[in-house]
Amino acid sequence: MLDILHSYNPEQTNIHKGISALKEAYGIYPELLELEAVIRLIYGRDLINVANNSLQSVRESLIEQEGLFRKNKKEIASKPI
């Protein structure tokens, strides 16, 4: 995942080209909901669904990891020295 993020160049995407035109016209980038609409028009609703499902899985994993971290932290703190 980190390799993908490091190699990602948004200026080479159709989405960036589209929203850059909006920024030139209005002086600001579109809001998140407007951006989602642009993505849906270019790539279809399926991509939005896949992205939302992937983000939900990442959120759930992070919440689970945070819970384990807190549990381990409490166990360490409660052990006598």
Side-chain angles (χ1 to χ4, degrees):
M1 178 98 163
L2 289 175
D3 290 340
I4 292 170
L5 290 174
H6 289 298
S7 65
Y8 178 68
N9 184 355
E11 293 176 1
Q12 295 177 344
T13 65
N14 289 336
I15 294 169
H16 187 271
K17 292 173 187 171
I19 63 172
S20 292
L22 291 172
K23 184 175 189 302
E24 287 179 30
Y26 299 109
I28 58 171
Y29 283 110
E31 297 291 328
L32 186 58
L33 290 175
E34 295 163 335
L35 181 58
E36 184 177 327
V38 170
I39 293 170
R40 192 180 317 119
L41 287 171
I42 294 172
Y43 296 106
R45 180 167 276 300
D46 289 341
L47 180 68
I48 298 295
N49 291 338
V50 168
N52 285 337
N53 290 339
S54 297
L55 288 173
Q56 183 62 31
S57 295
V58 169
R59 274 189 214 105
E60 289 170 1
S61 177
L62 290 173
I63 289 169
E64 182 180 324
Q65 288 177 14
E66 182 181 351
L68 292 173
F69 174 75
R70 286 184 180 184
K71 180 181 175 187
N72 290 338
K73 189 175 177 182
K74 285 180 184 178
E75 288 175 2
I76 292 169
S78 66
K79 288 184 181 178
I81 300 177

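- The NZ atom of K17 sits 8.0 Å away from the CD atom of Q12 when rounded to the nearest 0.5 Å.
- If you chain together hydrophobic residues whose side chains sit under 4.5 Å apart, V38 and Y29 fall into the same group.
- Proximity of a side-chain donor or acceptor of E24 to a complementary backbone N or O of A21 within less than 3.5 Å is not detected.
- Across every non-hydrogen atom of R40 and R45, the tightest pair is NE-NH2, 3.5 Å.
- Judged by distance alone, with hydrogens and angles left aside, the side-chain atoms of S61 form no donor-acceptor pair with the main-chain N or O of S57 at under 3.5 Å.
- Residues L47 and I42 fall within the same hydrophobic cluster, defined by Ile, Leu, Val, Met, Phe, Trp and Tyr side chains chained together at heavy-atom separations under 4.5 Å.
- You'll find the side chain of T13 reaches within 4.5 Å of the side chain of Y8, heavy atoms only.
- The environment of CG in L33 is sparse: at most 12 heavy-atom neighbours from other residues, nucleotides or ligands sit within 6.0 Å.
- L22 and L35 are assigned to two separate hydrophobic clusters, defined by single-linkage of ILVMFWY side chains at heavy-atom distances under 4.5 Å.
- Side-chain atoms of R59 and L62, non-hydrogen and from C-beta on, never get closer than 4.5 Å to each other.
- Contact of the E64 side chain with the E60 side chain is not registered, since no non-hydrogen atoms from C-beta on lie closer than 4.5 Å.
- Between I48 and E36, the closest side-chain pair of non-hydrogen atoms falls below 4.5 Å.
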